[in-house]
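Below is one structure, written out as structure tokens, with a few remarks after it.
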Amino acid sequence: MIHYNIDTTENGYKSLIGEVNSLAELKNILTKNETFPDLVGSLSIEDIGVSIFICVEKEAGFHVGITNDSGTYFSLGNKSLLAELVDVWGDDLYISKGLFIPSHLAWKAIEKYIASQKLCTEISWITPENLPEEANFLEL
């Protein structure tokens, strides 16, 4: 069972909280015409003891953070853009632009982790300790 708690700005501010049996169900809840709205939220899967942070900003892409027993890992799109910040909702919610990746890769990373508890090797990952001081991320 996948628990989700997601805030979106689609058609005004909206909170989505619930449980689904599959990522396909969640994707159907979140997307409209295969497009993700701007959103911030978390997924938790009790069976494997993991929390997954997700953030979508239409201009920057999709950001994924995974926290497990070993630590926290962030998707890394472009290391040279870690000092450049994106105001996700225009209300001082800043995340480093370099942590965003295309949504199809982000979804693949989430699916891979839930299925195997392994980080997707098609994506680069970075830990909070390895981020430069000027980088910003949200705590999970």
Is there a side-chain contact between W125 and F74 in this structure, where contact means two heavy atoms from C-beta onward sitting under 4.5 Å apart? no
So do I110 and V64 actually touch side chain to side chain, heavy atoms under 4.5 Å? yes
Within the 4.5 Å heavy-atom criterion, are Y4 and V20 side-chain neighbours or not? yes
Do F100 and L81 belong to the same hydrophobic cluster, where Ile, Leu, Val, Met, Phe, Trp and Tyr are linked whenever their side-chain heavy atoms lie under 4.5 Å apart, directly or via other members? no
CG (L23) and CG (L43) are apart, to the nearest 0.5 Å, by 7.0 Å
Under the side chain to side chain donor-acceptor pair (under 3.5 Å) rule, collect the residues that match up with H3, sequence neighbours excluded. E19, E46
Cut-off 3.5 Å, no hydrogens considered: what does the side-chain donor-acceptor table look like for residues 113-123, sequence neighbours left out?
unit_1 : atom_1 : unit_2 : atom_2 : d
Y113   : OH     : N68    : ND2    : 2.7
S116   : OG     : K112   : O      : 2.8
S116   : OG     : K118   : N      : 3.3
Q117   : NE2    : I114   : O      : 2.9
E122   : OE1    : K108   : NZ     : 3.1
E122   : OE2    : K108   : NZ     : 2.9

Quick one: CG on L16 to CG on D7, what's the gap to the nearest 0.5 Å? 8.0 Å
For the CD1 atom of I6 and the CG atom of L30, what is their distance to the nearest 0.5 Å? 4.5 Å
Is it true that the side chains of S51 and T67 contain a donor and an acceptor less than 3.5 Å apart? no
N78 side chain vs G98 backbone, donor-acceptor pair below 3.5 Å: no
Given 3.5 Å as the limit, does a donor-acceptor pair link the side chain of S75 with the main chain of L99, or not? yes
Name the orientation class of the two ring planes belonging to F36 and F62 (parallel below 30°, tilted from 30 to 60°, perpendicular beyond 60°). perpendicular
Find the distance between CD1 (I17) and OG (S42) and round it off to the nearest 0.5 Å. 9.0 Å
Side chain D38, main chain T8, donor-acceptor under 3.5 Å: no
State, to 0.1 Å, how close V40 and C55 come at their nearest heavy-atom pair, and which atoms those are. CG2-SG, 3.8 Å
Heavy-atom side-chain proximity of I66 to V50 below 4.5 angstrom: yes
Anything under 3.5 Å between a donor and an acceptor, one on a side chain of residues 126-133, the other on a protein residue two or more places apart or in another chain? List them.
unit_1 : atom_1 : unit_2 : atom_2 : d
T127   : OG1    : E129   : OE1    : 3.2
T127   : OG1    : N130   : ND2    : 2.8

Do N136 and I95 make a side-chain contact, defined as non-hydrogen atoms from C-beta onward lying under 4.5 Å apart? no
Heavy-atom closest pair (E57 atom, V86 atom, distance to 0.1 Å) is CG-CG1, 3.8 Å
Is the backbone N or O of A135 less than 3.5 Å from a side-chain atom of S96, with the two atoms forming a donor-acceptor pair by type? no
In Å and rounded to the nearest 0.5 Å, what is the OG to CD1 distance from S44 to I2? 9.5 Å
Is any side-chain heavy atom of N21 closer than 4.5 Å to one of E25? yes
Verify the neighbour count for atom CD of E134: are there more than 12 heavy atoms of other residues, nucleotides or ligands below 6.0 Å? yes
Would you say the ring centers of F53 and H63 fall short of 6.0 Å from each other? yes
Between OG on residue S15 and CG on residue N5, distance to nearest 0.5 Å: 6.5 Å
